[in-house]
Number of protein chains: 2
Amino acid sequence: MQLRRDDVLRGARDLLDADGLDGLTMRKLGAVLKVQAGGLYWHFSSKQALLEALAGDLVAGVAETPPAGPWDQRIATLAHRLRRALLGVRDGARLVAETFVTQPTTVLAGRTGMRILIDDAGLSPEQAAWTVIALSHYVIGHTIEEQAPRLDWADKLAKAEQRIGDDLIHDLGAAITADPDRRFEFGLGLVLDGIRRRVEAGQP
Amino acid sequence: MQLRRDDVLRGARDLLDADGLDGLTMRKLGAVLKVQAGGLYWHFSSKQALLEALAGDLVAGVAETPPAGPWDQRIATLAHRLRRALLGVRDGARLVAETFVTQPTTVLAGRTGMRILIDDAGLSPEQAAWTVIALSHYVIGHTIEEQAPRLDWADKLAKAEQRIGDDLIHDLGAAITADPDRRFEFGLGLVLDGIRRRVEAGQP
DNA sequence: ACCTGAACACCGTTCAAGT
DNA sequence: ACCTGAACACCGTTCAAGT
């Protein structure tokens, strides 16, 4: 029963989900796939290459053209898809962040966003490019934090609140522990509003 | 000549700058400080704890209250300070991203931002908290990408451009390789515009 | 209090050799 | 073509023992 490239990727994905990015080692992956660790290097030239392939696969679906509709809704769809993709596996955002632009699938997703901003929203190609980049930075930043191990946050926040003794810290803590879906929506809305300003300025 | 906690932190910072986050090992740090690796565990309970202390120090200055002025300018100052802090050491953004909210200094920086948004811009405490969180996600996302090793980006982008054969990919590539300062400014402006919408909606 | 020495249980990667 | 076996040069962490 020989191993194919896709089997390795699937095994890596499962192991990532089980043990996290720091727990994903070539030796454990070998064990899962019933293969010596060294054998994996026939399929991938390095662990880094394997991780990049994994990251590429993760964001593969994002680039599909969203259904017709208002430009802001279509862009929101892309942003949601990217977040969903990153959330698809443990530490997905960290994984993708470290191999971001090098991935063809990421480039394609960026292009899809640009199309919408140019054709539907009327931005210049340059503006569109800068905008999709900024938006992706927000999505990735948010999702990294969302996926970060929350272990003892509550404790540390409570301590900070006590030490500083401030209502603002309490409100900040409440926001941090709030529903990530809603927090993402809020930040996305903020960025979209920023884009709207540009769009309106362009066609008054 | 005994080692103090601060000496360890300073050594770790230097080593981080020299070898990057993946190259920062307890054994190399021990060598730099003329100490056995195990000896470091008297000063820090784990490597993780050391990294967290390093991250905390890095963003320590961000929380200082910015000079008086329009609220958007003061918020921009905070965002620039955070980026500068992250750029202060190699892989600083990655380092901070993984230990983000647990750091008291980060909490303090968030509080400073909230003060401005509440007192100067007239947002509710809740809105202010959600806003500083979203903004910090953008800053961190941007800076992680900015600090990512660029090794063979140009090659891969050129290949993607060739393969897809699209002007949009060319424009996207140009944007990605553009001056990070200007790209950061653009994205920050986008988010600030989004906040302005909220502010105007709040006090029409 | 602060560190050494030495060990334990791991890593990624290479590469001759097997099938 | 695909993998084994074994090695190389590393890791983080613990802990008795030294000073």
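Proteins get letters first, then strands, A, B, ... in listed order; numbering begins at 1 in each.
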Those residues that, when tested against Phe186(A), pass ring pair (Phe, Tyr, Trp, His ring centres under 6.0 Å) (two or more places apart):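 If we apply the ring pair (Phe, Tyr, Trp, His ring centres under 6.0 Å) test to Phe186(A), skipping adjacent residues, the hits are Trp130(B).
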Pairs involving residues 51-91 of chain A, ordered by first then second residue, that meet ring-ring contact (aromatic ring centres under 6.0 Å, His included) (sequence neighbours left out):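 ring-ring contact (aromatic ring centres under 6.0 Å, His included) check on residues 51-91 of chain A returns His80(A)-Phe184(A).
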CG/Asp167(A): more than 12 non-hydrogen atoms of other groups inside 6.0 Å: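 No, CG of Asp167(A) has 12 or fewer neighbouring heavy atoms, counting only those of other groups under 6.0 Å.
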Heavy atoms from other residues, nucleotides or ligands near CZ of Arg182(B) exceed 12 (cutoff 6.0 Å):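 For Arg182(B), atom CZ is not crowded (no more than 12 foreign heavy atoms under 6.0 Å).
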Contact state string [nucleotides 4-17 of chain D, B base, S sugar-phosphate only, - no protein heavy atom under 4.0 Å]: BB-B---BBBB---
Minimal non-hydrogen separation, Ile176(A) against Arg150(A), with atom names: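 Smallest interatomic distance, heavy atoms only, reads O-NH2, 3.7 Å.
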Main-chain N/O of Glu52(B) paired with Gln103(B) side-chain donor or acceptor, under 3.5 Å: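 Yes; at least one donor-acceptor contact below 3.5 Å.
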Side chain to side chain, Ile118(B) and Ser124(B), heavy atoms closer than 4.5 Å: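 No; the side chains remain at least 4.5 Å from each other.
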Pair pattern of DNA chain D in dot-bracket, where unpaired bases get dots and | marks partners in another strand, Watson-Crick or G-U under 3.5 angstrom: ||.|||||...|||||.||
With Leu108(A) via side-chain contact (heavy atoms from CB on, under 4.5 Å) - residues at least two apart: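 If we apply the side-chain contact (heavy atoms from CB on, under 4.5 Å) test to Leu108(A), skipping adjacent residues, the hits are Ala63(A), Arg111(A), Ile164(B).
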Contact under 4.0 Å: His43(A) side-chain N or O vs dC3(D) OP1/OP2: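 His43(A) to dC3(D) OP1/OP2: side-chain N or O found under 4.0 Å.
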Check ion pair Glu145(A)-Arg94(A) (N to O, under 4.0 angstrom):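 So Glu145(A) does not pair with Arg94(A) through a salt bridge.
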salt_bridge(Glu146(B), Arg83(B)) N-O dist < 4.0 Å: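 Judged by the 4.0 Å cut-off on N to carboxylate O distance, Glu146(B) and Arg83(B) do form a salt bridge.
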Close residues, residues 2-20 of chain A, relative to DNA chain D [heavy-atom separation under 4.0 Å]: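 Contacting residues: Gln2(A), Leu3(A).
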